[in-house]
Asker: 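One structure follows; several queries about it will come next.
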Amino acid sequence: IGPMRRKNPHPFGEVILRLRKERNLSGYALAKKLGKSPDQIRSVERGDNSPKIETIEKYAEVLGMEPWDLFKELILAMRAARRAKADESV
């Protein structure tokens with residue numbers, strides 16, 4: 001039996017996965033640049049865990065963006081998820 005998946009994973013992981021792929025970074029390369037293990041990166045990207053604020057700053061730096069731009073991406077993803085959920089209930 002594999003690990004249990006959260007029913008509503010945190011959208012931060014989806015944002016990180018999308019931005020990482022847009023920059024042609026492998027999960028291993030991102031992990032190395034962040035000083036994290038590939039398993040930790042996978043856990044965040046699956047939405048199983050969310051990083052500390054200090055780590056979010058590092059994610060932004062590694063992804064070549066300002067932290068507030070990363071938060072903006074996250075807010076947009078959260079809004080889209082809420083809209084999709086609302087549309088499902090209609």
Asker: In the structure I gave you, are the side-chain heavy atoms of E45 and E14 within less than 4.5 Å of one another anywhere?
Answerer: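 They are not in contact (no side-chain heavy atoms under 4.5 Å apart), so the answer is no.
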Asker: Extract all donor-acceptor atom pairs below 3.5 Å that involve side chains of residues 30-41 and protein atoms in other chains or at least two apart in sequence.
Answerer:
| residue | atom | partner | partner atom | Å |
| --- | --- | --- | --- | --- |
| S37 | OG | D39 | N | 3.4 |
| S37 | OG | Q40 | N | 3.1 |
| S37 | OG | Q40 | OE1 | 3.4 |
| D39 | OD1 | R42 | NH2 | 2.1 |
| Q40 | OE1 | S37 | N | 2.7 |

Asker: Mind checking whether I56 and V44 sit in one hydrophobic cluster, side chains of I, L, V, M, F, W, Y counted as touching below 4.5 Å?
Answerer: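 Result: yes, single cluster for both.
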Asker: Should L17 and L19 be counted in the same cluster of Ile, Leu, Val, Met, Phe, Trp and Tyr side chains packed under 4.5 Å apart?
Answerer: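 No, L17 and L19 fall in different hydrophobic clusters.
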Asker: Assess whether side chain to side chain donor-acceptor pair (under 3.5 Å) is satisfied between D48 and S43, documenting all intermediate values.
Answerer: CA-CA 5 Å; D48 295 336; S43 179; 4.5 Å; no
Asker: For residues 50-59, which residue pairs qualify under salt bridge (Lys or Arg N to Asp or Glu O under 4.0 Å), counting only residues two or more places apart or in two chains?
Answerer: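 Output for this query is empty, none listed.
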Asker: Can you list, pair by pair, the side-chain donor-acceptor contacts under 3.5 Å of residues 62-83, counting residues two or more places apart and other chains?
Answerer:
| residue | atom | partner | partner atom | Å |
| --- | --- | --- | --- | --- |
| E73 | OE1 | R18 | NH2 | 2.4 |

